[in-house]
Asks: 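The structure follows.
Counting convention: from 1, in listed order, for ligands and their atoms alike.
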Amino acid sequence: MSQYIPAVGIVGAGPSGCYLADAINRKLPDGRIDIFDRLPTPFGLVRGGVAPDHQGTKNIARQFERTLGKPGVRFLGNVAIGRDIAYRELKTAYDVLVITIGALQDRRLGIPGEDLDAVYGSGQFVAWYNGIPDGRDLDPRLDGKSIAIIGNGNVALDIARLLGKTPGELATSDLCAHARAAFEAARIEDIWLIGRRGPVEASFTTAELAEFGELSRVAVLVDPSQLPQAMPEGLGDEQRKLAEKNLEILRAYAARGAQSERPVRIHFMFNAAPLAIRGDGRVRELVLTHTRVEHGRPVPGGETFSIAADTVVSAIGYRSTPFPELPFDAARGTVANTQGRVEPGVYAAGWCKRGPQGVVPANRADSLAVADLILADLATCGASGKPGGALIDSLLEERGIRPVGFSGWQKINAAEIAAGQGRPREKLARIEDLLTAAQG
Ligand code: NAP
């Protein structure tokens with residue numbers, strides 16, 4: 001190993017960036033690690049993606065706080081690469097650079113009508129209710145009776161569940177005030193959850209699917225004829241186990257019947273692929289075709305039908321935003337990389353490396369693997385004695401940019417918790433408010 005202490009820059013303070021900082025810090029306690037984020041707040045998806053009523057999942061933020069507070073680790077929030085600091089400046093500063101920017105862009109459905117008013121990507125919609133500054137002003141139209149959510153993943157479930165909950169059921173969440181007001185004003189009666197394949201292929205996890213059974217005002221409608229009697233051949237063990245557990249829950253929902261006294265209905269509709277979104281300026285209906293699954297793929301059956309929808313949310317996954325000056329894998333929507341290596345001294349980890357899959361802790365294993373790769377490369381090539389954060393500090397100062405440090409985040413955190421008044425917190429959702437709070 002070189003006599004120099006390596007300077008490490010991490011771009012993105014979400015789960016992958018925090019896990020990675022922790023792993024490198026443990027192995028190189030004398031190393032200097034700077035974690036950048038474009039937002040004044042750290043923790044990425046834990047703050048801005050995880051559902052506001054899943055507070056247990058957010059507890060991981062405490063561990064990440066300990067990492068950011070360690071000697072040798074610095075948080076530099078409100079610094080956007082490509083705007084405030086150029087990529088080549090990062091490369092000049094750090095021996096090792098890791099890109100952990102996640103996957104922030106909604107995948108497109110690619111069907112007519114996708115750009116009508118009241119059609120949203122789940123990323124936009126979730127950013128809005130979770131108080132991410134970019135999404136704060138989305139103000140989605142929830143003024144109709146019917147909303148269609150396309151996709152059979154956990155994000156689709158999150159959105160349906162939050163819309164289905166009563167204000168009382170949301171009382172212990174950190175759903176932002178603007179979203180609480182919009183949900184309370186909404187008069188949605190029908191929530192459609194639409195999967196282009198069947199229940200066996202759905203990517204819901206069981207605990208999330210089971211939560212619908214606890215919602216007091218919601219009737220969960222499952223057509224028993226859509227549930228297979230036997231498992232299809234050729235499933236892997238893991239998929240089979242997941243599908244069996246999910247089917248058990250779906251059968252229990254189907255057995256409950258209409259529950260017509262309940263004012264909100266969540267309809268699980270499987271084997272239906274979206275063909276078009278129609279409307280008169282704003283969306284009015286979703287046109288679908290029945291499908292069957294062949295060799296794991298949805299095959300359209302030819303017959304089309306439509307459902308009334310006043311709002312559509314497509315929850316069909318995400319892509320990364322191309323990172324300035326780095327190669328981009330457009331087909332996968334990731335930073336182009338080979339098992340985490342991007343170019344000499346530059347790495348990627350998390351969703352921008354492997355695509356948007358897996359729950360938050362799944363990123364830990366990925367970050368640990370990339371940390372091992374980095375340490376192995378450093379052992380071979382050594383650190384070259386780059387200036388690290390000192391160069392970045394002088395560039396930021398020259399440009400009049402004051403990053404939000406860890407103590408600034410602690411002040412934001414304290415202000416939000418104090419404003420929570422019985423809730424976990426009331427998030428500040430505008431950059432200017434976050435910067436004011438960061439100054440205490
Ligand atoms: P996801 O799990 O990949 O689900 C995406 C869904 O969209 C799939 O059902 C997919 O169907 C469908 N889809 C894709 N393209 C489509 C198209 N053109 N038309 C119709 N349907 C289409 O993605 P996600 O829900 O965004 O979740 C991302 C990751 O975050 C997942 O790993 C998820 O488990 C995780 N997450 C976890 C939690 C939690 O643990 N509570 C909460 C939220 C998110 P096919 O399968 O047919 O492609």
Asks: Show me the pairs that pass salt bridge (Lys or Arg N to Asp or Glu O under 4.0 Å) and involve residues 320-334, at least two apart or across chains.
Replies: Asp329-Arg332

Asks: Show me, by chain and number, every protein residue that has a heavy-atom distance under 4.0 Å to ligand 1.
Replies: His54, Arg107, Leu109, Ile150, Gly151, Asn152, Gly153, Asn154, Val155, Asp158, Arg196, Arg197, Ser203, Glu208, Pro274, Ala315, Ile316, Gly317, Tyr318, Trp351, Pro356, Gln357, Gly358, Val359

Asks: Taking the six-membered ring for Trp, are Phe125 and Trp128 ring centroids under 6.0 Å apart?
Replies: yes

Asks: Please tabulate, for side-chain N and O atoms in residues 228-245, each donor-acceptor pair with protein atoms closer than 3.5 Å (sequence neighbours left out).
Replies:
none

Asks: Please determine which of Leu193, Ile191, Ile149 meets the side chain to side chain contact (heavy atoms under 4.5 Å, CB included) test together with Ile159.
Replies: Ile149

Asks: With sequence neighbours left out, which residue pairs that include part of residues 101-111 fulfil the side chain to side chain donor-acceptor pair (under 3.5 Å) condition?
Replies: Arg108-Asp115

Asks: Do Phe64 and Trp409 have ring centres separated by under 6.0 Å?
Replies: no

